[in-house]
Amino acid sequence: VVKGFGRGSKELGIPTANFSEQVVESFPSDIPTGIYYGWACVGNGDVHKMVLSIGWNPFYKNIKKSVETHIIHTFKEDFYGEILSIVITGYIRPEKNFDSLDALISAIQEDIEEAKRQLDLPEHLKLKEDNFFHLPEGKIVNNH
């Protein structure tokens, strides 16, 4: 997890975990930009519901593609430098521009509610327990 643009928490009130440019560039190029949902795990921590944005953030006119994860959980502290593992289980909508910051925030809140509903379905819930989320013993995470 790397520092992003500093907009998620501060401007939107919706903190996001950002992947490095190298990770973003390694994402399959055939994944359409848009809003997705799934599961996320920080380090060896618990698995939580998440919403994921893949794209150019048209509202902010980004020139670099970004992959930003909003984990639907309140963390006590930042986790820059940690390993973030995600499983994308579904697609919500294409990325789009908004007329105002309020409209963007409102859409993100709707995306979060949709993700929560979808992830409670049995076919998505079972992926929460996937072995993918259990880091192998001895793997160094954040120098620990």
Side-chain angles (χ1 to χ4, degrees), residues 1-28 31 33-98 100-144:
V1 175
V2 299
K3 284 195 181 282
F5 299 104
R7 298 188 289 234
S9 296
K10 293 164 195 70
E11 221 172 285
L12 302 174
I14 302 160
T16 57
N18 300 278
F19 287 112
S20 69
E21 279 184 39
Q22 293 86 346
V23 171
V24 173
E25 287 165 7
S26 72
F27 260 66
I31 294 180
T33 60
I35 310 304
Y36 294 82
Y37 59 86
W39 300 102
C41 176
V42 177
N44 261 330
D46 294 334
V47 178
H48 301 287
K49 295 175 180 179
M50 65 87 172
V51 177
L52 182 81
S53 166
I54 300 175
W56 306 95
N57 298 346
F59 184 78
Y60 289 106
K61 300 174 177 56
N62 283 10
I63 54 168
K64 283 191 180 292
K65 192 176 194 179
S66 67
V67 178
E68 298 170 279
T69 307
H70 170 69
I71 302 170
I72 304 171
H73 175 77
T74 302
F75 290 88
K76 291 183 186 72
E77 53 197 35
D78 289 336
F79 46 84
Y80 296 118
E82 289 281 5
I83 300 289
L84 173 63
S85 304
I86 62 167
V87 170
I88 298 170
T89 62
Y91 178 78
I92 297 177
R93 63 174 175 84
E95 119 177 296
K96 60 185 179 190
N97 202 347
F98 294 91
S100 69
L101 194 58
D102 286 345
L104 172 60
I105 292 169
S106 176
I108 295 170
Q109 296 293 0
E110 288 171 22
D111 296 337
I112 291 168
E113 291 311 310
E114 178 66 11
K116 288 179 184 174
R117 283 191 296 273
Q118 292 294 331
L119 290 164
D120 281 338
L121 297 174
E123 65 266 30
H124 298 304
L125 205 50
K126 69 181 181 202
L127 291 166
K128 181 180 182 181
E129 306 304 325
D130 196 273
N131 284 337
F132 169 76
F133 287 116
H134 304 290
L135 291 172
E137 288 301 315
K139 183 164 184 176
I140 296 175
V141 177
N142 233 7
N143 302 320
H144 294 111

Quiz item: Of all residues at least two apart in sequence or in a different chain, which pass the side chain to side chain contact (heavy atoms under 4.5 Å, CB included) check with Asn97?
Solution: Pro58, Phe59
Quiz prompt | Contacts of type side chain to side chain contact (heavy atoms under 4.5 Å, CB included), residue Glu114, not counting sequence neighbours | solution = Ile92, Arg117, Gln118
Exercise. From the options Asp130, Ile86, Thr89, select the one residue that forms a side-chain contact (heavy atoms from CB on, under 4.5 Å) with Trp39.
Key: Thr89
Practice problem: For Gly43 and Glu82, work out which heavy atoms get closest and say how close. | Solution: CA-OE1, 4.0 Å
Practice problem: Go through the steps for Ile105 and Phe98 under the test side-chain contact (heavy atoms from CB on, under 4.5 Å), then give the verdict. | Solution: CA-CA 10 Å; Ile105 292 169; Phe98 294 91; over 6 Å; no
Quiz prompt | Heavy-atom check, side chain of Leu12 versus side chain of Leu101, under 4.5 Å | solution = yes
Quiz item: Looking at Cys41 and Gly45, what are the two nearest heavy atoms and their distance?
Solution: SG-O, 3.1 Å
Self-check item: Minimum heavy-atom distance Met50-Ala115, with the two atoms named
Solution: O-CB, 4.1 Å
Self-check item: From Glu95 atom CD to Ile54 atom CD1, the distance as rounded to the nearest 0.5 Å
Solution: 9.5 Å
Quiz item: Is Ser26 reaching over with its side chain to a backbone N or O of Val23, donor-acceptor style, under 3.5 angstrom?
Solution: yes
Quiz item: What are the two closest heavy atoms between Lys3 and Tyr80, and how far apart are they?
Solution: NZ-CE1, 3.3 Å
Self-check item: All side-chain hydrogen bond (donor to acceptor under 3.5 Å, both in side chains) counterparts of Glu113, not counting sequence neighbours
Solution: Lys116
Exercise. Tell me, with the steps shown, if Leu127 and Phe132 meet side-chain contact (heavy atoms from CB on, under 4.5 Å).
Key: CA-CA 9 Å; Leu127 291 166; Phe132 169 76; over 6 Å; no
Quiz prompt | Distance, nearest 0.5 Å, that separates CG of Leu52 from CG of Asp111 | solution = 11.0 Å
Practice problem: Report the residues that fulfil side-chain hydrogen bond (donor to acceptor under 3.5 Å, both in side chains) with Asp46, sequence neighbours left out, ordered by chain and then residue number. | Solution: none
Quiz item: Which residues pass the side chain to side chain contact (heavy atoms under 4.5 Å, CB included) test with Glu129, sequence neighbours left out?
Solution: none
Self-check item: Side-chain heavy atoms of Glu68 within contact of Asn18, under 4.5 Å
Solution: yes
Self-check item: Over all atoms of both residues, closest heavy-atom pair of Gly38 and Leu119
Solution: O-CD1, 3.1 Å
Quiz item: Asp120 and Lys49: side-chain contact (heavy atoms from CB on, under 4.5 Å), yes or no, with the steps?
Solution: CA-CA 9 Å; Asp120 281 338; Lys49 295 175 180 179; 2.7 Å; yes
Exercise. Classify the angle between the aromatic ring planes of His124 and Tyr37 as parallel (below 30°), tilted (30 to 60°) or perpendicular (above 60°).
Key: perpendicular
Quiz item: Atom CG in Leu104, atom CD in Gln109: separation rounded to 0.5 Å?
Solution: 10.0 Å
Practice problem: Evaluate side-chain contact (heavy atoms from CB on, under 4.5 Å) for Val87 paired with Val47, printing each intermediate quantity in order. | Solution: CA-CA 10 Å; Val87 170; Val47 178; over 6 Å; no
Exercise. Taking the side chain as every heavy atom from C-beta outward, state whether Leu84 and Ile71 have any atom pair closer than 4.5 Å.
Key: yes
Quiz item: Side chains of His70 and Pro15: closer than 4.5 Å at any heavy-atom pair?
Solution: yes
Practice problem: Mind checking side chain to side chain contact (heavy atoms under 4.5 Å, CB included) for Pro94 and listing every partner two or more places apart, or none if nothing turns up? | Solution: Tyr91
Quiz item: Which pair of heavy atoms, one from Thr33 and one from Lys65, lies closest together, and at what distance?
Solution: CG2-CE, 4.0 Å
